[in-house]
2 protein chains.
Amino acid sequence: MISTSIENYLKCIYQLEEQLVGERTDSTKGITTGAIADRMETQAPSVSDMLRKLSERGWATYEKYQGTHLTFEGRKIAVDILRKHRLWEVFLVEKLGFKWDEVHDIAEQLEHVVSEDLVDRLDAWLGHPQFDPHGDPIPDKKGVMRDKRKKKSLHDMQSGEAGVLVGLGDTSDTFLRYLDSFEIALGTRITVVERFEFDGSVRVLSNDKDKLTLSSQVAANLLLITP
Amino acid sequence: MISTSIENYLKCIYQLEEQLVGERTDSTKGITTGAIADRMETQAPSVSDMLRKLSERGWATYEKYQGTHLTFEGRKIAVDILRKHRLWEVFLVEKLGFKWDEVHDIAEQLEHVVSEDLVDRLDAWLGHPQFDPHGDPIPDKKGVMRDKRKKKSLHDMQSGEAGVLVGLGDTSDTFLRYLDSFEIALGTRITVVERFEFDGSVRVLSNDKDKLTLSSQVAANLLLITP
DNA sequence: CAAGGTTTTTGAGAGAGCTTAACTTTGCAG
DNA sequence: CTGCAAAGTTAAGCTCTCTCAAAAACCTTG
């Protein structure tokens, strides 16, 4: 039996590892105790404790002071949780009409419901969705991410370049609501009009009609596919 | 914050109290520690412990050796859990195509998901169902059971009497599958052909075509409405 | 390359919920 | 009405996960 707590740690470590892939990674040091504690809003000693347990159970490698990495087994579990989380999010938004900023906490609970049959049926009934309401890829039953799209951050696009928003670097409620206020959603076409050296902000045209100025931080978290 | 464990105890006590209503009840003694321990498959000391906690929190009255009763507050919580449980069961059967004997364990997990909004939306989206897949009534948002049907156990019906199956006294997986094997489901019309003194069994006609002999125990757990 | 600051681990301990064992109360049968 | 079995409670102790405090390791910087 895997506890909810363990599932959460595995998911957290997985996501921190994913994040590192994006950045230039000196991944000799694994995911640090502190990073995990931060993300899980808990204390470092809890994390140390858990890392020992995870490595005992074969779900993570762990050497004192060296951080941690998930093993194949650990990654399997983490991906499975993520699959459930994202499928439930699709359900909440598409069937129950929740908004994209309202589903995280609920999916966080639903992801721990244990029933392989339930997940399979949910997946099939939803039509095997490939992405959740925030554009994050949903792994298939085998744990394979099927996202072949080459995404480019708005931050890295040149003046005149255009693309369609398909993903977000940050899916926090506050960021999602901030995007709402700009009427930016997945599928929105965004064209870079001008980039400002001053603060890294970007002037864009959204859906070929609204002129907006987005901060550097917003731009960095908008992931588009470009033609 | 109410723990899952507490929710389960409240639900359990509620259901034991409900059960007593059916029987002639010398309810001076409340629900006994032993009855709770049995139903929850735990030990009596765990129950004693929990009863003390429930009464501290104002959800149950409890005097040592005298058993327990839910308070109004406690009953409110229990009914709310039951509402969630039964709504999820409807979802699982009607939307995901589970069979009626497959949903209990899953609903047992889903019932603890906390989000009033979720429950309301689920309820509306399912069309405010009044009964779960086993015929048990689903309380409304205010906790009111809207089941006005006068149900009669097959056990108490006379030769020649007929009715439609609308409820079950036992909703265990094994009983449900046993009914499946007789092709008896909610909505099945049952006519008593003959009653046997010998073992209390009953010969019936189901849907006016299949002649079946049902044991006394089965008969007692079939609840019908009669014209 | 050492001193100091930061990060991590260890240790002690708390609370929830569980178990077994021992003790107490209850209430029924004779 | 008494004695005894059944039922219930208390006690002690286990696991899990968390916290705070203190010690240890690490690493950066002068």
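Atom set for the values below is all heavy atoms of this structure, side chains included, hydrogens, waters and symmetry mates excluded.
Distance CD (B/Glu56) to P (C/dG15): 13 Å, rounded to an integer number of Å. Taking atom CE of residue A/Met40 and atom P of nucleotide D/dC18, one finds them 6 Å apart after rounding to whole Å. Atom CZ in B/Arg57 sits roughly 10 Å away from atom C1' in C/dA16 (whole-Å rounding). Across the protein-nucleic acid pair, B/Asp38 atom CG and D/dA7 atom C1' stand 11 Å apart, rounded to whole Å. We find that CD1 of A/Ile6 is positioned 9 Å from C1' of D/dC16, with the value rounded to whole Å. Rounded to whole Å, atom P of C/dG15 lies 16 Å from atom CE of B/Met50. Between B/Ile36 atom CD1 and D/dT9 atom P the separation is 9 Å, expressed in whole Å. Computed from coordinates, the A/Asp49 CG to D/dC20 P distance equals 15 Å when rounded to whole Å.
Listed pair A/Tyr62 / C/dT9 meets the phosphate criterion, a side-chain N or O lying under 4.0 Å from OP1 or OP2. Between B/Ser5 and C/dA16, a side-chain N or O to OP1/OP2 separation shorter than 4.0 Å is absent. Contact annotation: A/Lys64 side-chain N/O to C/dT10 OP1/OP2 distance is under 4.0 Å. The side chain of B/Thr32 places no N or O atom within less than 4.0 Å of a non-bridging phosphate oxygen (OP1 or OP2) of D/dA7.
In the set C/dT9, C/dC18, D/dC18, D/dC18 carries the atom at the smallest distance from any side-chain atom of A/Thr42. The A/Ser48 side chain lies nearest to C/dT9 when the options are D/dG8, C/dT8, C/dT9.
Each of A/Thr171, A/Asp180, A/Leu92 was compared with A/Trp100 under the side chain to side chain contact (heavy atoms under 4.5 Å, CB included) criterion, and only A/Asp180 meets it.
Within the nucleic acid shown, A/Ser46 comes within 4.0 Å of at least one base atom, counting heavy atoms only. In this structure, A/Gln43 reaches the sugar-phosphate backbone alone: every heavy-atom distance under 4.0 Å involves primed, P, OP1 or OP2 atoms, never a base.
Salt bridge B/Glu108/B/Lys84: absent, no basic N to carboxylate O contact under 4.0 Å. Residues B/Lys141 and B/Asp123 are not paired through a salt bridge, judged by the lack of any N-O separation under 4.0 Å between the basic side chain and the carboxylate. Residues A/Glu111 and A/Arg83 are not paired through a salt bridge, judged by the lack of any N-O separation under 4.0 Å between the basic side chain and the carboxylate.
Counting non-hydrogen atoms of neighbouring residues, nucleotides and ligands closer than 6.0 angstrom, the CD atom of A/Gln217 reaches no more than 12 such neighbours.
Positionally, the nearest nucleotide of DNA chain D for B/Glu63 lies more toward the 5' end than for the other of B/Glu63 and A/Glu41.
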Protein N or O to nucleotides 22-25 of chain C N or O, pairs below 3.5 Å:
from	atom 1	to	atom 2	distance (Å)
C/dT25	O4'	B/Tyr65	OH	3.4

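With sequence neighbours excluded, the residues forming a ring pair (Phe, Tyr, Trp, His ring centres under 6.0 Å) with B/His104 are B/His85, listed by chain and number.
Both tests hold for B/Lys95 against B/Trp125: distance to the six-membered ring centre under 6.0 Å, angle to the ring axis within 45°.
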